[in-house]
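Following: one structure in structure tokens, then a few remarks.
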Protein chains: 2
Amino acid sequence: MSLDRRKQIIDAAAKSFALFGYKATTMDQIAKIAQVGKGTIYTFFANKEELFNEILQQVILEMKHIADRESAEQRPFHEKVFRILDQALEFRSRHELAMKLSQELRDVGTPMAKEALNRLESELLTYIEAQLQSAMDRGELAQGDPRIMSFIMYQLYRSLTTEWNKIYDPLDKDTIKETFYKYFMKGILRVTPYESKDE
Amino acid sequence: MSLDRRKQIIDAAAKSFALFGYKATTMDQIAKIAQVGKGTIYTFFANKEELFNEILQQVILEMKHIADRESAEQRPFHEKVFRILDQALEFRSRHELAMKLSQELRDVGTPMAKEALNRLESELLTYIEAQLQSAMDRGELAQGDPRIMSFIMYQLYRSLTTEWNKIYDPLDKDTIKETFYKYFMKGILRVTPYESKDE
DNA sequence: CGAATGACCAAATTGTTATTTTAGTCATTT
DNA sequence: AAATGACTAAAATAACAATTTGGTCATTCG
């Protein structure tokens with residue numbers, strides 16, 4: 001039942017953080033949803049921040065799980081990386097908590113929201129970095145600094161999706177994919193998937 | 001003397017906007033610095049915003065002038081583009097007004113500061129877009145959508161400088177240059193300057 | 001007895017009202 | 001006719017009151 005209570009609290013907190021964001025979620029609120037006295041929360045978690053980090057950790061694992069499923073697929077490497085990025089950003093824009101945190105950061109600028117989103121980004125970068133490293137080891141990829149490579153990859157993909165949409169009309173998925181290959185992959189892949197046909 | 005007064009006002013405004021930002025600059029302040037009655041300002045400019053736009057326009061012209069000087073140089077195209085981006089971002093990080101506006105946007109979120117910086121960015125994108133178009137016409141560059149190309153170029157360069165520094169230690173200029181070529185230019189140039197030597 | 005609890009408190013947040021500042025006007029002066 | 005600065009309405013800021021909230025701990029319960 002001790003474990004039961006802990007789970008109740010985590011579930012309640014997850015629900016509330018996703019629904020109201022970090023700041024607008026109160027410990028009283030969580031206790032109420034979890035049907036638990038407020039003091040009980042503090043027997044499992046030192047403070048609000050620690051409880052939040054527990055939830056965040058779950059989200060990170062969930063994201064990695066999705067990426068793992070993608071990278072386990074038998075596909076050419078360049079396809080895989082593209083799909084991981086795609087799924088990750090898709091995940092971020094679908095997952096209620098991540099979305100709520102983005103909004104909170106925009107609207108109120110809660111520092112904890114910023115930190116959490118940075119952490120998500122950082123985890124994704126680390127993940128891709130590892131994928132690149134292993135692809136290099138397998139010889140699928142030209143040598144290079146995997147940290148810089150993953151960073152550029154992420155930034156480029158983000159530019160073509162999120163950033164582009166801030167100024168212009170969204171690009172369709174095919175254009176994004178093609179552009180991503182044309183302007184980036186081409187420079188690093190050992191085997192070029194799209195030959196330049198002098199369009 | 002009418003022109004004289006106008007210049008006095010513009011100079012005073014430029015000084016004040018660069019020193020205190022948009023919001024913290026008052027019309028009284030400008031009048032005082034310009035040694036002019038406040039009413040006089042309104043015989044030349046309809047309001048604060050219009051006066052600010054006059055200053056901004058000057059900054060934009062100044063930036064374009066720097067870029068023009070760079071692109072007039074007799075250099076291979078890839079060198080030119082790199083240097084234009086470099087000069088432009090350097091300019092933005094050196095120019096007092098642009099810096100102050102960035103700070104103001106971060107700290108207070110003044111909408112006018114955001115708009116102004118967007119305008120600077122937009123002008124730079126348009127400029128590069130034109131450069132790319134003319135390089136394509138000359139056959140120095142593979143065909144492609146110059147808008148997407150300039151956007152990616154800008155974002156990539158910005159990623160390697162500003163964005164990278166938010167997470168990691170700054171990259172040195174040579175690494176930036178090399179990375180920029182390796183991961184981007186290579187994919188679009190007709191003549192590859194750095195041959196991959198299987199490092 | 002130890003785990004759970006909710007009344008309690010200091011600190012932070014929010015709501016409210018009073019005060020000051022500021023963009024823009026316009027009657028008067030130069 | 002151009003320049004000015006006292007003036008005003010609106011906005012920003014400060015000062016203060018009222019409420020909320022994270023965290024504690026003496027008491028209760030199983």
Side-chain angles (χ1 to χ4, degrees), chain A residues 1-17 19-56 100-101 103-105 107-116, chain B residues 1-17 19-56 100-101 103-105 107-116:
Chain A
M1 51 212 56
S2 185
L3 276 171
D4 221 351
R5 281 198 135 70
R6 192 186 148 89
K7 192 179 177 322
Q8 272 177 293
I9 292 168
I10 289 182
D11 287 350
K15 202 175 292 179
S16 186
F17 282 130
L19 207 52
F20 305 109
Y22 182 78
K23 202 183 159 196
T25 288
T26 71
M27 296 306 264
D28 279 304
Q29 166 99 295
I30 295 175
K32 203 171 140 199
I33 297 177
Q35 288 178 296
V36 148
K38 181 159 67 150
T40 310
I41 300 178
Y42 287 89
T43 64
F44 294 104
F45 303 95
N47 49 40
K48 189 181 178 181
E49 187 173 338
E50 204 171 277
L51 174 55
F52 178 70
N53 281 333
E54 177 76 27
I55 311 294
L56 188 61
K100 195 71 203 177
L101 290 175
Q103 189 211 317
E104 193 176 349
L105 180 59
D107 299 351
V108 204
T110 316
M112 189 60 76
K114 184 171 193 167
E115 204 182 296
Chain B
M1 52 212 58
S2 184
L3 275 171
D4 221 348
R5 281 196 136 72
R6 191 185 149 91
K7 193 180 177 321
Q8 272 177 291
I9 292 167
I10 289 182
D11 287 350
K15 203 175 291 180
S16 187
F17 282 130
L19 207 53
F20 305 109
Y22 181 78
K23 202 184 161 195
T25 287
T26 71
M27 295 306 263
D28 279 305
Q29 166 99 294
I30 294 174
K32 200 171 139 202
I33 297 177
Q35 288 177 295
V36 147
K38 181 157 67 148
T40 310
I41 299 178
Y42 288 89
T43 64
F44 295 105
F45 304 95
N47 49 41
K48 188 180 178 180
E49 187 173 338
E50 206 171 275
L51 174 55
F52 178 70
N53 280 334
E54 177 75 27
I55 311 293
L56 188 61
K100 195 70 203 177
L101 290 175
Q103 188 211 317
E104 192 175 349
L105 180 58
D107 299 351
V108 205
T110 315
M112 189 60 74
K114 184 172 194 167
E115 207 183 294

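We use all heavy atoms of the structure for the numbers below, so side chains are in, but hydrogens, waters and symmetry mates are not. Naming convention: chains lettered A, B, ... in sequence-line order (proteins, then strands); numbering from 1 in each chain.
A sub-4.0 Å separation between OP1 or OP2 of dA4(C) and a side-chain N or O of R6(A) is absent. Distances shorter than 4.0 Å separate none of the side-chain N or O atoms of R5(A) from OP1 or OP2 on dA3(C).
Residue-to-nucleotide proximity on DNA chain C shows that, of T25(B) and D28(A), the 5′-proximal contact is made by D28(A). Nearest-nucleotide positions on DNA chain D for K23(A) and G39(A) put K23(A) closer to the 5' end.
Using modelled atom types, one side-chain atom of T43(B) and one backbone atom of T40(B) make a donor-acceptor pair closer than 3.5 Å.
Counting any heavy atom pair closer than 4.0 Å across all strands shown, T40(B) reaches a base atom.
Of the candidates dG22(D), dA3(D), dA23(C), dG22(D) carries the atom nearest the T26(A) side chain, counting heavy atoms from C-beta on. When distances are taken from the side chain of K48(B) to each of dG22(D), dT5(C), dA23(C), the shortest belongs to dA23(C). Side-chain proximity of Y42(B) to dG24(C), dA3(D), dT5(C): nearest is dG24(C).
Considering CE of M112(A) and CD of E49(A), their distance stands at 3.5 Å, rounded to 0.5 Å.
Counting all heavy atoms, side chain and backbone alike, E50(A) lies closest to F45(A) at OE2-CA, 3.9 Å.
Taking the ring centre of Y22(A) as origin, the terminal cationic atom of K48(A) falls inside the region bounded by 6.0 Å and 45° from the ring axis.
Remark: C1' of dA1(D) and CZ of F44(B) are 13 Å apart, rounded to the nearest angstrom. Residue I41(A) contributes atom CD1, which lies 14 Å from atom C1' of dT24(D) at whole-angstrom precision. As rounded to whole Å, 14 Å separates atom P of dA23(C) from atom CZ of F52(B). Across the protein-nucleic acid pair, F20(B) atom CZ and dT21(C) atom C1' stand 16 Å apart, rounded to whole Å. To the nearest angstrom, P of dT22(C) lies 17 Å from CG of N47(B). Put simply, CD1 on I30(A) is 10 Å from P on dG23(D), counting in whole angstrom units. Rounded to whole Å, atom C1' of dT24(D) lies 12 Å from atom CE of M27(A). Between D4(A) atom CG and dG30(D) atom P the separation is 17 Å, expressed in whole Å.
Below the 3.5 angstrom threshold, one finds a donor paired with an acceptor across the side chain of K38(B) and the base of dG24(C).
When only modelled atom types and interatomic distance are considered, K100(B) and Q103(B) share a side-chain donor-acceptor pair under 3.5 Å.
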